[in-house]
Amino acid sequence: MATTGDNLTEEEAQKQVQDEVDDEFQDAVEEDADEGVEGTFAVSREELAIIRAELACEFPEDYAYLSDAYVLSVASKPYSKDPTVRRPLEYSMEKLTHVMEWRAEAGAPEMEELVELANGPESAPEAVENPEGLIKAKAMVIALNSGSAYWHGFTKDGRPIMWIRTNRKPWYPDVDAEVDALILLADAGIRCMPNNVTDFVCVSDSSYPPPPNPTFMIKMLKALVRGYPDRLNLLMSAPVSSVIQFVMNLLLPLMPGRLANKVCLMDVEQMKIKLEDLLLNGADDVPTFFGGPCDHDKFYPEESKCPNRGEGTLKFDYYGMVERLQKQNEDFENRRPGAAENGS
């Protein structure tokens, strides 16, 4: 039987996870359940402008985070209580407001500023004047430095890909720092999405994962459900091990059904075939850890092989990752049909 890092049994781990489930999470799961209703309806420019104006009024520092394409993807869905009509504008506004409220609670808009803080000297005025922020920034950057998660490349239909390397995950994580690092990364990937793309793909190399940490797992799931609804298009993981099965047994019962259906577990050979079909450049983009030629370690090596990026604690090439993803986004846009005519 698989156990956690604290040698908890599956039953004990399930109790820990259930204890972390609060009303806000349950409400978010119930809200997400209506996303399974198929179909879309038109949303006028005037209605889009109304939603954007209200978001700008309530969240002036962060409203631009939600692209028009994402707002439209939410507002154009059928109404769960009557799928023959579109969601009321007030209902869509409420769903988007919940996302923005969660972002404010989680401190998502400030995460990139924390990277800058941790990358500078501790003697810098902004560090001296904000000791608590520096502590949080350094902890998040230490989580980043493991290189256990990063963005690299796109799918054939323009979705950015987050890669997870479980063998690099710590056995005894700083849970809050790990979640902060994932929020930072998620936002970076969303900002680099091509036009009219609103979701991403996650691919996990699940070789040699650390023992499951129930607190981290539920906090990660909370962040995904409350802060990033409809953002995950697909999660593929290989190989399948007793630890991964343990994790899925804990999390799947808590996930909205639509989210659970996006999780695919497979062996390494199946993964290689799936990636060849999924990745923008086919077999050429398959990473070495799945039997392909693309060496991710060239950009994202283990922490021991990373130089310090500044005068602080940042070793992970965060800014290089963002620059590469932006360039890959431009390349994708230029390959789209009609790109030359549109000048994009």
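- For S206 and S237, the side-chain atoms include at least one donor-acceptor pair closer than 3.5 Å.
- Counting heavy atoms from C-beta outward, E178 and M140 have side chains that stay 4.5 Å or more apart.
- The line from CG of L96 to CD of E54 is 10.5 Å long, rounded to the nearest 0.5 Å.
- Using a 4.5 Å cut-off on side-chain heavy atoms (C-beta onward), H152 and M321 make no contact.
- In terms of hydrophobic clustering, with Ile, Leu, Val, Met, Phe, Trp and Tyr side chains grouped at heavy-atom distances under 4.5 Å, F299 and F154 are assigned to a common cluster.
- A continuous path of ILVMFWY side-chain contacts below 4.5 Å connects L251 to V225, so both sit in one hydrophobic cluster.
- For an aromatic pair to be called close, the ring centres must be under 6.0 Å apart, and F316 with Y300 satisfies this.
- Atom CG of D62 and atom CZ of R103 lie 4.0 Å apart (nearest 0.5 Å).
- Taking the six-membered ring for Trp and thresholds of 30 and 60 degrees, Y150 and H296 have ring planes more than 60 degrees apart, a perpendicular arrangement.
- Between K327 and R324, the closest side-chain pair of non-hydrogen atoms is not below 4.5 Å.
- When the side chains of ILVMFWY residues are joined at heavy-atom separations under 4.5 Å, either directly or via intervening members, V74 and V99 end up in two distinct hydrophobic clusters.
- In plain terms, the two heavy atoms of R231 and L66 that are nearest each other are NH2-CD2, 4.2 Å.
- Here the side chains of Y228 and I183 are in contact, with some heavy-atom distance below 4.5 Å.
- The closest side-chain heavy-atom distance from L234 to M236 is below 4.5 Å.
- Using a 4.5 Å cut-off on side-chain heavy atoms (C-beta onward), L221 and L259 make contact.
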Before you tell me yes or no, could you show the steps for E333 and R336 under salt bridge (Lys or Arg N to Asp or Glu O under 4.0 Å), namely the whole-Å CA-CA distance, both residues' side-chain angles and the distance that decides it to 0.1 Å? CA-CA 5 Å; E333 293 283 16; R336 276 183 163 177; 3.1 Å; yes

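- A donor atom on one side chain and an acceptor atom on the other are found under 3.5 Å apart for Y318 and E112.
- Enclosure of atom OH in Y319 by more than 12 non-hydrogen atoms of other residues, nucleotides or ligands within 6.0 angstrom is indicated.
- Looking at D267 and Q270, their side chains come closer than 4.5 Å, going by heavy atoms from C-beta outward.
- Heavy atoms from other residues, nucleotides or ligands lying under 6.0 Å from CD of E269 number 12 at most.
- Clustering ILVMFWY residues whenever any of their side-chain heavy atoms sit less than 4.5 angstrom apart, transitively, puts Y208 in a cluster other than the one holding V240.
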